[in-house]
Amino acid sequence: MILNVSKISCGYENTKIVENCDFYLKKGQIASIVGPNGAGKSTAMKAIFGLLPLFEGKVYFNNEDISYIKPQDRVLKGMSFVPQTNNIFHSMTVEENLEMGGFIRKTGVKETIQQVYKLFPILLEKKNQIAENLSGGQRQQLAFARALMTNPTFLMLDEPSAGVSPIIMDELFKKILEISKKGVSVLMVEQNAKQALKISDIGFVLSQGKNKFIDSGKNLLSNPVVRESFLGG
Amino acid sequence: MKNIKERIWLTYTAMTCLLLFVAFFQSWNVALSILNLCIISAIMSLGINIQWGNSGIVNFGAMGFTALGGLCAVIISMPLTKGAWEIGGFKIILAIIIFLIFIFLANRTWKFYKNSPKKKICFGLLIFLIGFLILRIIADPVIHAIESYEPAKTGYLGGMNLPVIISWPIAGCLAALIALLIGKIALGLRSDYLAIATLGISEIIIYFIKNEDWLSRGVKNVNGLPRPVPYEIELQNSAWLINLSEKFDFSLVVMSSITVKLSYSILFLLVLIIIFIFLETISKSPWGRMMRAIRDNEVSAGAMGKDVKKRHLQVFIIGSAIVGIAGAMMTTLDGQFTPASYQPIRYTFLIWIMVIVGGSGNNYGAVLGGFIVWFLWVESEPLGLWLIELLTSYLEDSSELKNRLLDSAAHMRLIMMGLILLITLRFAPKGIIEEQKRI
Amino acid sequence: MLQIFNISKSFGGIKALNNVSLEIEKGKITALIGPNGAGKTTLFNVINGSLKPDNGTINLNKLNITGLEPHELFAMGVLRTFQISQEFESLTVLDNLMMVPADQLGESILNSWIKPKEIEIQEKKILRKAKEVIKFLNLEKLSSEYAGNLSGGQKKLLELGRTMMVNPQIVLLDEVGAGVNKTLLKKIGDTIIRLNKEFNYTFVMIEHDLDFIARLCSPIVVMAEGSILEIGDIDQIRKNNKVIEVYLGKGN
Amino acid sequence: MDYINAIILFSNYILIPGLSYGCQLALGALGVTLIYTVMRFSNFAHGELMSFGAMISILIMWCLKDIGVSIKPLPTIIISLPISIIITVIFCLLIDKLCFSYYRKNNSQSVILLIVSIGVMFFTNGLIRLIIGPNDRNINDGERFLVKAKTIKKVFELNEGLSIKMSQGITIVITLLLVTFIFWFLNKTKTGKSMRAYSDNKDLSLLSGINPERVILITWIITGMLACVAGTLYGLDKSYKPFTYLNLVLPIFASAIVGGVGNPIGAIIGGFVIAYSEIIVTFAYRKFLSYLLPDNFLSDGLMQILSTDYKIAVSFLILVIVLIIKPTGIYKGKLI
Amino acid sequence: KQEKEDFAVKLGIIFGYTGPIESLTPDMAKASELAIKEVNDSGEFLSGKIKIQGIRADSTCVDAAAANAAAERLITSDQVNAIVGADCSGVTTSILQNVAMSNGIVMISPSATSPALSTLPDNGLFFRTAPSDARQGKIVADILIEKGFKKAALSFTNNDYGKGLAESIKKNYESKGGQITISASHEDGKADYGAEVSALAQAGGDILIVAGYLDQGGKGIIQGSLDADAFNKFFLPDGMIGDSLPKAIGSDLNGSIGSIPGTDSPGAKTFENLAKSNGFKAGPFSQESYDAAALIMLAMQSAKSSKSKDLKDHVMDVANAPGEKIYPGELSKGISLLKQGKEIDYVGASSVELIGGGESSGNFREILIKDGKITTAGYR
Ligand SMILES: Nc1ncnc2c1ncn2[C@@H]1O[C@H](COP(=O)(O)OP(=O)(O)OP(=O)(O)O)[C@@H](O)[C@H]1O
Ligand SMILES: Nc1ncnc2c1ncn2[C@@H]1O[C@H](COP(=O)(O)OP(=O)(O)OP(=O)(O)O)[C@@H](O)[C@H]1O
Ligand SMILES: [Mg+2]
Ligand SMILES: [Mg+2]
């Protein structure tokens with residue numbers, strides 16, 4: 001298990017949003033969390049990354065208890081996260097965004113930036129533009145690219161495909177598959193659930209803060225209950 | 001909801017107790033004089049709060065509007081300087097009218113060349129400068145003559161000799177007018193830019209008042225403004241108070257000054273209540289909801305059909321007018337107008353501290369902030385002295401350090417004020433009375 | 001009803017819109033699609049007055065509306081949502097909706113003093129309407145939550161909800177579907193159709209979910225690099241090679 | 001026509017004084033800008049921090065003098081700078097720990113931090129007076145002049161003289177060095193960029209592995225250094241008096257804003273704009289023009305655009321005009 | 001009726017310990033307290049057992065509201081018998097009109113020099129030991145004309161003191177045939193005086209009159225003028241006279257002239273020594289502060305009462321001839337003389353001579369700065 005989240009509860013100030021949830025995946029696997037709006041997906045992601053305090057439960061990363069360490073230390077351990085909103089440095093240029101993404105790395109930042117540009121050509125085109133002025137989909141790409149800059153072993157994505165055009169979305173999922181093949185594990189939240197589950201080794205259906213279903217991506221896709229109430233038929 | 005109500009009750013009672021405490025342990029006179037300024041401060045803080053708390057306008061220009069209010073009190077209530085007026089009163093008015101016409105023309109030009117920034121600035125500025133030149137050519141000699149007219153006694157045009165209370169609403173109007181002008185030019189700026197711009201403009205206003213002696217007597221101050229309430233000396237000779245004082249066996253002098261202060265308190269309280277009710281009503285109405293929406297997100301509010309510019313201007317004017325009224329009240333209470341006393345620390349930062357400490361975004365908080373902060377501002381002096389005496393009581397009498405500390409005791413006031421402010425904010429980071437959630 | 005002539009807009013060296021001309025017909029649901037950065041959002045911004053075009057004109061019902069302010073356009077019935085949610089974060093969800101209707105009596109200071117009764121009546125009406133909308137969006141539990149505390153998708157729903165508070169002439173929807181659960185999106189689609197059929201609303205929507213578009217929209221306008229590439233119905237679009245190349249990709 | 005005299009006069013009364021005052025404002029504005037860029041609030045306590053730094057420098061200088069250290073012709077206080085910088089930085093860090101850090105953690109609005117900084121200002125203000133008293137102190141014990149007006153007059157046989165003070169020279173040199181350093185640091189080094197990233201999006205900078213505590217630490221170190229140097233230089237040039245530092249805050253903010261907040265170059269430009277506008281608008285041009293124009297062209301007046309009474313108003317007027325024409329300041333800072 | 005005297009007599013000392021003149025006030029307060037100490041040490045005051053206590057309060061110099069609050073506290077809570085102060089004319093007027101008069105408390109200000117205070121109704125409660133600016137203006141003009149300065153530039157601190165003095169100087173000087181080339185204000189405590197110095201320099205003149213304070217803007221203007229070689233002679237009115245100025249500026253100030261209230265009495269010198277031995281400087285207005293406190297106490301003794309309503313009628317008596325002259329350091333002598341029923345003429349440190357409505361008559365000492373020292377060049 002690269003990640004094992006067991007029985008976590010978390011939320012904001014005095015409201016508990018996520019209750020008793022489990023998430024886990026092995027090295028090189030892709031896992032998806034799907035569920036209705038407001039189910040607590042983003043909340044769970046933030047808690048896993050340590051941006052929100054846990055009420056209960058534990059998070060293990062590579063069998064190490066990381067429940068109480070700071071987010072920036074998790075980055076050092078090889079985790080990387082793209083939040084759903086506010087996921088770029090608005091006032092910095094695209095290139096500076098990427099440099100910041102590679103902040104913890106001592107070497108090889110330049111090369112990774114070139115690789116990222118190859119993956120998202122639009123970013124190369126706009127490399128000196130202030131990120132605030134990017135279009136919605138360009139921002140999403142930049143956010144994803146920034147997370148790749150740390151050369152993570154574990155990648156967490158909160159709705160990476162929201163707002164990107166179909167062609168890019170395909171690219172995106174392809175890329176995710178590709179990096180997972182290289183041994184990077186990916187945990188993502190997706191509303192384009194069908195595509196996401198298609199490539200996922202494991203899927204978690206979250207509803208009202210609770211684990212409703214845990215199963216392989218294929219099984220979930222074929223489960224009529226899940227299809228009807230969570231995947232839009 | 002209930003929680004907030006309790007909090008309001010609790011804090012307001014505590015404030016009353018503090019004042020009563022002062023009344024019993026220091027004197028009623030001290031307590032009442034603090035109360036009077038507390039009320040004025042509360043009004044100022046309401047004015048700023050409606051701008052900041054309700055619509056996110058950072059107005060650091062309270063000082064200027066306070067001074068304008070004070071100027072109004074002078075112009076309304078002081079007697080006319082006949083000699084000075086005869087020398088050139090009309091000429092000055094003429095010059096001002098001509099200047100205003102040029103400003104109007106400049107404005108027109110500005111609008112006419114809306115689409116070419118260079119022409120706009122060149123011609124607009126040119127016309128303005130011509131107007132300014134004409135103003136100075138006509139007015140300078142007259143101003144000189146007026147200012148040389150018995151400079152030690154008057155040296156200014158004087159006022160209209162009307163009851164000073166009239167100046168309060170008029171001060172509101174004047175402040176509103178100036179706020180309209182300032183708002184038109186400055187409200188496009190955001191947050192810190194606006195703050196410094198308004199601060200700058202208010203400094204300009206102060207410099208104007210300080211240096212245009214013909215109008216305000218400048219730094220020579222105007223003393224002896226007529227009062228809206230009787231003088232202590234008159235009261236000390238009035239039969240009813242003498243009777244009363246004999247009946248209760250209370251010192252006549254003390255009684256007279258308490259009576260005067262109480263009458264001020266009642267007048268001020270009346271104004272405070274009217275303004276408070278006005279603000280409460282509008283900020284509870286859909287208007288308040290709209291303003292808070294604009295505060296949160298101007299782009300979105302615009303797309304939802306709200307005229308952001310107009311609303312900003314509106315609330316800027318209302319808040320400034322309220323500050324202006326408070327300024328006139330303040331000058332009335334002081335009985336004199338001293339332009340040099342308008343300092344940003346006292347009239348801008350302190351007011352902001354009131355708003356923030358009280359709790360921005362709600363009127364109860366603003367009033368409480370006004371009371372508490374003014375109370376501390378005045379009482380931190382004896383408090384600081386007391387503290388330093390306590391600290392040094394263990395030191396030997398002759399010790400260098402002790403003398404040094406006792407000598408600097410006055411500066412404990414600032415330390416105390418700073419500490420209290422920091423501590424209060426620490427325990428109530430959103431202000432003592434937080435903004436209520438409106439459900 | 002909405003005519004766009006030769007609109008251009010550039011940011012520094014970037015031509016976001018390049019001589020775009022387009023006519024939106026009344027009572028239709030028009031889709032606006034195109035790759036990221038094609039200028040779709042910019043077009044919306046120009047239409048609703050958030051941005052002033054470099055040149056070109058826009059007419060609404062034959063009236064020239066170029067260069068008007070957003071709030072003036074709102075008054076003329078042009079409504080929009082934002083791709084990146086723009087909620088009023090410190091207002092509750094309910095208030096977020098209730099602030100929308102135009103010309104509320106209580107928005108005038110004078111009225112709140114002289115007509116408290118009328119305002120109360122009006123408020124009740126607005127409240128009822130807002131509650132309906134909240135119910136429709138499945139946000140009942142959150143009606144008194146600060147909008148800033150909503151989840152990403154919920155914010156999107158709130159964006160949509162705001163357009164339902166009034167009776168607009170034309171609604172510009174900028175990716176309402178992004179990040180919204182597909183089950184709910186289906187329901188939203190139904191509503192859009194209903195609003196269009198029953199109340200004859202005109203919609204223009206930017207969307208990347210082709211299935212969703214296929215169900216709702218006709219015609220479909222494809223933009224790329226600041227100009228219009230193709231206008232047609234779904235089949236035409238799907239067949240167009242250029243569109244496939246820049247936008248759809250082989251898989252779709 | 002007498003160009004040389006005109007130029008010398010211009011330099012003596014406008015160019016040089018404006019240059020050194022501009023540098024002083026710029027150094028202050030730089031500190032304000034830095035705090036603003038990283039922590040997003042206007043630090044009104046900056047003037048007092050400068051005063052604090054200068055005070056420490058003076059105290060150390062007194063000690064040095066007691067043991068007989070001197071580096072004539074330079075003023076002794078220069079060598080106390082390294083230690084006083086360290087103490088000022090420690091003071092800044094202490095203040096941050098005790099006052100600002102709490103609100104940062106709570107994500108308070110920037111206005112709250114602004115008000116807190118006013119509280120800090122009050123406190124420091126009183127503390128300084130407790131320690132060193134409110135008196136005026138002369139601290140320049142080095143050579144006063146680099147170039148003396150009288151010498152210039154005599155040597156070149158001119159009507160006008162030009163004087164450059166030692167303190168002005170030092171100010172200009174140190175400002176240049178510091179500004180270059182800070183500009184390079186913010187825009188070219190990784191740490192500098194991480195500071196900007198932190199100010200832009202705190203959460204996301206966490207996710208990139210940027211350590212916020214380190215960013216804050218570095219910011220305060222630089223701010224403390226700037227404040228200490230600026231305060232000391234200012235005291236060196238004029239004389240140290242706690243009260244003036246309070247009044248220095250406003251022109252400093254005006255400079256930072258005119259230039260465009262959040263940009264070191266903006267701070268410099270702003271400082272000079274404010275400094276020169278005061279002098280140029282209130283300057284009496286009669287004598288200057290008398291060197292350039294034939295006699296009968298001149299009128300009797302002083303040929304002053306505005307009287308010096310309005311000096312400070314002028315700087316604010318310039319500020320307002322600049323903001324109206326260019327709402328983000330001259331050198332486009334960040335939109336806020 | 002037997003006066004109840006087993007409580008201490010209290011004197012309020014209201015100066016601006018914070019605010020623009022905060023650097024002057026500590027010495028002023030200490031001077032007042034020195035006078036109090038002297039009287040206490042004499043052990044003879046009133047019944048002999050009574051000690052006098054000085055209570056400081058902060059006028060802030062500019063904020064009338066805070067000053068009133070402080071005065072209110074002194075009078076009604078601490079129950080002071082009389083007040084030494086306030087310092088700046090604005091707050092002094094405000095305290096007098098709003099607090100002191102209504103409570104019938106005597107105020108003697110050492111430094112409020114505004115001419116307006118001469119005519120203000122005060123129920124006989126207000127006195128001052130500093131002369132009105134109107135008087136000094138005349139003296140300044142006389143000195144300048146006599147020394148042959150026909151053209152002068154004038155810089156004044158932008159407050160009631162500076163402006164009042166400047167106007168008075170200008171009027172008198174011009175009526176005597178002098179020419180003021182420019183009369184420009186400066187603000188105290190500001191960052192830079194480059195612009196002011198430039199304007200003054202361009203206007204030119206044989207001498208620069210600086211009507212300001214010696215450790216405030218006034219000093220900045222002088223320093224700036226010297227640095228730029230704009231002026232080399234200065235006229236220094238009373239606010240600019242003090243040892244710290246020549247010390248700070250150095251030899252460049254030599255040859256400058258000035259005026260300060262005082263007669264050719266030994267008082268000033270004695271006071272300077274007294275101050276030194278008590279650990280403070282005889283800065284501006286500290287003489288007057290000493291005298292203000294001394295006057296109050298002597299008047300109390302003369303009235304045999306510590307109440308303001310009694311002592312107010314005795315202030316003029318003790319201040320003016322006839323009687324034995326009393327100098328600084330001789331307060332106990334004064335007290336015992338009064339006790340014996342003799343008359344005294346308090347001269348004090350600043351040669352107190354009260355005229356009219358309790359104003360200082362204004363005898364002036366003409367000053368010449370020589371070898372970095374303030375020396376007396378004559379008396380007027
Ligand atoms: N304020 C701006 N300054 C500079 N460039 C901008 C600005 N706004 C948009 N752009 C650029 O204009 C182009 C069009 O942007 P727009 O937001 O209209 O794209 P879009 O079609 O909505 O894309 P998406 O589907 O990703 O939302 C983009 O390349 C973008 O980078
Ligand atoms: N800062 C906050 N304070 C309080 N409640 C919050 C906060 N942020 C989110 N919530 C609430 O927590 C719940 C779950 O939010 P979360 O963002 O985790 O949803 P989600 O599953 O990611 O939904 P979506 O698909 O719409 O992004 C929502 O009901 C939301 O209202
Ligand atoms: Mg989410
Ligand atoms: Mg878009």
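Bear in mind that the values here come from a model prediction, so they are computed numbers and not experimental data. By convention in this document, chain letters (A, B, ...) are assigned in the order of the sequence lines, proteins followed by strands, and residues within each chain are numbered from 1.
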Between D:Phe44 and B:Phe60, what is the ring plane arrangement, given parallel below 30°, perpendicular above 60°, and tilted in between?
tilted
Which residue out of [options] racks up the most heavy-atom pairs below 4.5 Å with chain D?
options: B:Leu422, B:Ile388, B:Leu421, B:Leu419; result: B:Leu422
options: B:Glu212, B:Lys430, B:Met417; result: B:Glu212
options: B:Ile196, B:Ile201, B:Val357; result: B:Ile196

Do [X] and [Y] make a side-chain contact, defined as non-hydrogen atoms from C-beta onward lying under 4.5 Å apart?
X: B:Lys210; Y: D:Tyr310; result: no
X: B:His411; Y: D:Pro134; result: yes
X: D:Leu250; Y: B:Pro344; result: yes

Is [X] in contact with chain B via its backbone, its side chain, both, or neither, using a 4.5 Å heavy-atom distance?
X: D:Leu114; result: side chain
X: D:Val116; result: both
X: D:Leu319; result: side chain
X: D:Ile318; result: neither
X: D:Leu113; result: neither

Can you confirm whether more than 12 heavy atoms, excluding those of B:Trp386, are under 6.0 Å from its CH2 atom?
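No.
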I'd like to know whether NZ of B:Lys309 has more than 12 heavy-atom contacts from other residues, nucleotides or ligands below 6.0 angstrom.
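Not buried by this count: 12 neighbours or fewer within 6.0 Å.
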Let's go through B:Leu425 and D:Tyr103 carefully: what are the C-alpha distance in whole Å and the side-chain angles of both, what is the deciding distance for side-chain contact (heavy atoms from CB on, under 4.5 Å) to 0.1 Å, and is it a yes or a no?
CA-CA 9 Å; B:Leu425 274 180; D:Tyr103 305 94; 3.2 Å; yes
To the nearest 0.5 Å, what is the distance between [atom1] on [X] and [atom2] on [Y]?
X: D:Leu246; Y: B:Gln343; atom1: CG; atom2: CD; result: 8.0 Å
X: D:Phe316; Y: B:Ile205; atom1: CZ; atom2: CD1; result: 12.5 Å
X: B:Tyr193; Y: D:Ser42; atom1: OH; atom2: OG; result: 10.0 Å

Assess whether side-chain contact (heavy atoms from CB on, under 4.5 Å) is satisfied between D:Phe123 and B:Met416, documenting all intermediate values.
CA-CA 7 Å; D:Phe123 177 81; B:Met416 281 312 279; over 6 Å; no
Based on non-hydrogen pairs under 4.5 Å, which of [options] is most in contact with chain B?
options: D:Leu127, D:Leu130, D:Val320; result: D:Leu130
options: D:Cys99, D:Ser110, D:Gly126; result: D:Gly126
options: D:Leu98, D:Asn106, D:Val111, D:Val120; result: D:Val111

Would you confirm whether B:Tyr207, through its side chain, and D:Lys311, through its main-chain N or O, come within 3.5 Å as a donor-acceptor pair?
no
Does the B:Asn211 side chain pair with the main chain of D:Asp309, one donor and one acceptor, at a distance under 3.5 Å?
yes
Side chain, backbone, both or neither: which part of [X] has a non-hydrogen atom closer than 4.5 Å to chain D?
X: B:Leu414; result: both
X: B:Ile356; result: side chain
X: B:Met412; result: side chain
X: B:Ile121; result: side chain
X: B:Ile185; result: both
X: B:Ala197; result: both

Could you walk me through whether D:Phe122 and B:Ile353 pass the side-chain contact (heavy atoms from CB on, under 4.5 Å) test, one step at a time?
CA-CA 12 Å; D:Phe122 281 152; B:Ile353 292 176; 3.8 Å; yes
Would you sort out whether B:Ile345 and D:Met121 count as a side-chain contact (heavy atoms from CB on, under 4.5 Å), showing the intermediate values?
CA-CA 11 Å; B:Ile345 285 250; D:Met121 174 175 93; 3.3 Å; yes
